[in-house]
Amino acid sequence: MDVSEVLGRAPDGTGPDVNQAMCPSRLILEHVTSRWGVLVLAALLDRSYRFSELRRQVGGVSEKMLAQTLQTLERDGFVDRDAKPVIPPRVDYSLTPLGREAAEQVWALARWTERHVDTVLTAREAYDGARS
C-alpha cells in the first residue's frame with residue numbers, strides 16, 4: 001500500500017479520492033447520503049425547524065435517529081443549531097452555506113429517484129422474474 005492510499009489521496013497525490021479506502025471524504029459522503037441525512041438536509045432547504053417540527057416533517061424518523069443525524073450534520077458543518085436561552089428552551093436547526101450546497105445536491109438526486117420509481121420497479125420485476 002502506498003502513501004496515497006493511506007492518506008486517502010488520489011494516486012497522483014493531488015487531492016482526496018473517495019475511491020480510496022482511507023479517504024475522509026467517504027465518511028462525509030456517508031453522512032450526507034444516509035437515509036436520514038438526505039431527508040433532514042432536504043427538509044431544511046425550505047426553512048429552519050425546531051426539533052419536533054423537523055421530526056414531523058421527516059416521516060418515520062425516531063427521536064434518537066433524528067438527534068444523531070442532526071448532531072453528525074452539525075459536527076460536519078452542514079447544520080447550525082441555534083439554542084435560545086428562553087423558557088421553555090427553544091432550539092432551531094438550519095442549514096449553513098455548506099449545508100445548503102450539499103442539500104441542493106442530494107435533493108436533486110432524491111427528486112431524480114422520484115421521477116424514476118416506475119422504471120426501477122419495472123426493472124426489479126424483470127430481474128426477479130428472470131431469477132424465478
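Side chains are part of it too, since the values below use all heavy atoms of this structure and drop only hydrogens, waters and symmetry mates.
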**Item:** Sub-4.5 Å side-chain heavy-atom contact between R124 and Y127
**Value:** no

**Prompt:** Is it the case that R47 places NZ or CZ above or below the six-membered ring of Y49, under 6.0 angstrom from the centre and within 45 degrees of the axis?
**Reply:** yes

**Complete:** Smallest heavy-atom separation, V18 atom then R26 atom, equals O-NE, 2.8 Å

**Asked** Taking 4.0 angstrom as the limit, do R50 and E53 come out as a salt bridge?
**Response** no

**Message:** Between L45 and W107, does the side chain to side chain contact (heavy atoms under 4.5 Å, CB included) criterion hold? Intermediate values first, please.
**Reply:** CA-CA 9 Å; L45 267 172; W107 192 231; 3.8 Å; yes

Donor-acceptor list for residues 56-73 side chains, cut-off 3.5 Å, not counting sequence neighbours:
residue, atom, partner, partner atom, Å
S62, OG, M65, N, 3.1
T69, OG1, M65, O, 2.8
T72, OG1, Q68, O, 3.0

**Message:** Test of understanding: clusters of I, L, V, M, F, W, Y form through side-chain heavy atoms closer than 4.5 Å, transitively. Do I28 and M22 belong to the same one?
**Reply:** no

Please tabulate, one pair per line, all N/O donor-acceptor pairs under 3.5 Å involving side-chain atoms of residues 29-42, not counting sequence neighbours.
residue, atom, partner, partner atom, Å
H31, ND1, D76, OD2, 2.4
T33, OG1, L29, O, 2.6
S34, OG, H31, O, 3.3
S34, OG, G37, N, 2.9

**Asked** Say you draw a straight line from CZ of R55 to CZ of F51; how long is it, rounded to the nearest 0.5 Å?
**Response** 7.0 Å

**Interatomic distance, S94 atom OG to D80 atom CG [nearest 0.5 angstrom]** = 4.5 Å

**Prompt:** Backbone N or O of L44 within a donor-acceptor pair of the S48 side chain at under 3.5 Å?
**Reply:** no

**Request:** List for me each residue that meets side chain to side chain contact (heavy atoms under 4.5 Å, CB included) alongside L98, sequence neighbours excluded, and say none if there are none.
**Result:** F78, T96

**Asked** Is K84 close to D92 at the side-chain level, that is, under 4.5 Å between some pair of heavy atoms?
**Response** yes

**Fill in**
Taken to the nearest 0.5 Å, the spacing of N19 CG from S25 OG works out to 8.5 Å

